[in-house]
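Note that these values count all heavy atoms, side chains included, but never hydrogens, waters or copies made by symmetry.
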Amino acid sequence: MVRLVAHVASLSGVTEYNEEKMKLIEALNLVFKYKTFHSDEEQPEETTVLEDVSLTINQGDFVGILGHNGSGKSTLAKQLTALLKPSGGAVYIKGMDSASPEHLISIRKTAGMVFQNPDNQLIGNIVEEDVAFGPENLGLAPEKIWQRVTEALEATGMTAYRMASPSALSGGQKQRIAISGILAMEPECIVLDEPTAMLDPAGREEVKKAIFRLNREKNITIIYITHHMDEIKDADYLYVMNHGKIAMEGKPQEIWSRSEEFLSLGMRLPFLQELIYRLRQGGMMIPEHVSTEKELEQYLQNCLHIQK
């Protein structure tokens, strides 16, 4: 029966049902509008930011949400953590309606959010105070709080900076502390909104490795919002936003295979996929199955061998 449902869903264009994983977050026909009040007008101006957005995030997945500036991806991130309420449709986080006030505390325990500027989340004089802030607000016993602080710092590789001042840390280190603070609350899901946008290449690499480790080793669901394609090329699934709607979705290689459509949305391909695309544009008949560095290298070697 499950396989029949999956088959019907795939024929109808709906994301294929995954019988091995549990559904953690679901958006159904989500709409979000904000109102702008002008002193010279009686009625506020209404702007639609999200329109008819439906998606599913499964437990343990690493999901990337992409889109150009103003596409609605950051607003969607706040909807998926109940920081904003829907204007229409619904968001369910572990089965809880995000619009219901009685569910907010439970939702906060399930899904935490890390913003692009870590300074907005760091409030303590020393690192361990910052990381302890979330668990303290959950009302945990002191011994449990400090156990979580220790484990969170170990998970992000920041144990050596436990007694340091956040202001003395690099951008990448600050972001890892912000992630530690969310991690100490033991959420099942972490939503990261452009977490490396303000970092240099070294800092981006630090944060990316820490996030992938949390997903692969601790099975924490990751929703990663970015415009750096190489940061999400190994994700399990991607959603591409455009003008408040989901314009494309699929596994990374499925998205890259539709290069023209992807590029038409104002996006850039990861370096390797960009190279393959440009070579094809230049007249090289690279087969569709070539999508990895090893496969491209093998194809080019075969071409050179034929020419000899």
Side chains of [X] and [Y] in contact at under 4.5 Å (non-hydrogen atoms):
{"X": "K33", "Y": "V49", "value": "no"}
{"X": "Q116", "Y": "I225", "value": "no"}
{"X": "H68", "Y": "N242", "value": "yes"}
{"X": "D97", "Y": "Y92", "value": "yes"}
{"X": "T110", "Y": "M96", "value": "yes"}
{"X": "I223", "Y": "C189", "value": "yes"}
{"X": "Q273", "Y": "Q253", "value": "yes"}
{"X": "P252", "Y": "K233", "value": "no"}

Salt bridge present between [X] and [Y] (N-O < 4.0 angstrom):
{"X": "R176", "Y": "D130", "result": "no"}
{"X": "E274", "Y": "R268", "result": "no"}
{"X": "K208", "Y": "E205", "result": "yes"}
{"X": "R258", "Y": "E254", "result": "no"}

Practice task
I would like to know whether L138 and M185 meet side chain to side chain contact (heavy atoms under 4.5 Å, CB included); could you show each step before the answer?
Solution key: CA-CA 8 Å; L138 294 178; M185 299 172 71; 4.1 Å; yes

Using the rule that two of Ile, Leu, Val, Met, Phe, Trp, Tyr join whenever any of their side-chain heavy atoms come within less than 4.5 Å, decide whether [X] and [Y] are in one cluster.
{"X": "F133", "Y": "L104", "answer": "no"}
{"X": "L269", "Y": "I276", "answer": "no"}
{"X": "Y224", "Y": "F262", "answer": "yes"}
{"X": "I232", "Y": "I179", "answer": "yes"}
{"X": "V131", "Y": "W146", "answer": "yes"}

How far does [atom1] of [X] sit from [atom2] of [Y], to the nearest 0.5 angstrom?
{"X": "K209", "Y": "T156", "atom1": "NZ", "atom2": "OG1", "answer": "14.5 Å"}
{"X": "E231", "Y": "T196", "atom1": "CD", "atom2": "OG1", "answer": "3.5 Å"}
{"X": "S180", "Y": "R148", "atom1": "OG", "atom2": "CZ", "answer": "14.0 Å"}
{"X": "E128", "Y": "I145", "atom1": "CD", "atom2": "CD1", "answer": "11.5 Å"}
{"X": "L275", "Y": "R278", "atom1": "CG", "atom2": "CZ", "answer": "10.5 Å"}
{"X": "S264", "Y": "M248", "atom1": "OG", "atom2": "CE", "answer": "8.0 Å"}

At their closest point, which heavy atom of [X] faces which heavy atom of [Y], and how far apart are they?
{"X": "P195", "Y": "V207", "answer": "CB-CG1, 4.5 Å"}
{"X": "F32", "Y": "K85", "answer": "CD1-O, 3.4 Å"}
{"X": "S98", "Y": "I93", "answer": "CB-CD1, 4.4 Å"}
{"X": "K174", "Y": "L169", "answer": "CE-O, 3.5 Å"}
{"X": "D230", "Y": "P270", "answer": "OD1-CB, 3.6 Å"}
{"X": "I182", "Y": "M113", "answer": "CD1-O, 3.5 Å"}

Problem - Backbone of L28 reached by a side-chain donor or acceptor of S54 within 3.5 Å - result: no

Problem - Donor-acceptor contact below 3.5 Å, side chain D52 vs main chain V31 - result: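 No: the side chain of D52 does not pair with the backbone of V31.
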
So does [X] have more than 12 non-hydrogen atoms from other groups sitting under 6.0 Å from [atom1]?
{"X": "L300", "atom1": "CG", "result": "yes"}
{"X": "E293", "atom1": "CD", "result": "no"}
{"X": "Y299", "atom1": "OH", "result": "yes"}
{"X": "F62", "atom1": "CZ", "result": "yes"}

Problem - Check: Q147/E151 side-chain N/O donor and acceptor closer than 3.5 Å - result: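 Yes.
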
Problem - Test side chain to side chain contact (heavy atoms under 4.5 Å, CB included) applied to V114 and I190, N120, I211, the passing residue - result: I190

Problem - Partner of L66 by side chain to side chain contact (heavy atoms under 4.5 Å, CB included), out of T226, I255, L265 - result: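 Only one of T226, I255, L265 forms a side chain to side chain contact (heavy atoms under 4.5 Å, CB included) with L66, namely T226.
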
Practice task
Check the pair I220, L183 against side chain to side chain contact (heavy atoms under 4.5 Å, CB included), reporting the backbone distance first and the verdict last.
Solution key: CA-CA 9 Å; I220 293 175; L183 193 60; 3.2 Å; yes

Exercise for the section: Please test Y239 against Y237 for ring pair (Phe, Tyr, Trp, His ring centres under 6.0 Å), starting from the C-alpha separation and ending with a verdict. Expected result: CA-CA 7 Å; Y239 291 97; Y237 204 80; 5.2 Å; yes

Exercise for the section: Show your working on side chain to side chain contact (heavy atoms under 4.5 Å, CB included) between K94 and L24 and close with a plain yes or no. Expected result: CA-CA 5 Å; K94 206 174 181 181; L24 184 64; 4.3 Å; yes

Problem - Test log, rule side chain to side chain contact (heavy atoms under 4.5 Å, CB included), inputs L55 and E249 - result: CA-CA 9 Å; L55 57 76; E249 65 173 284; over 6 Å; no

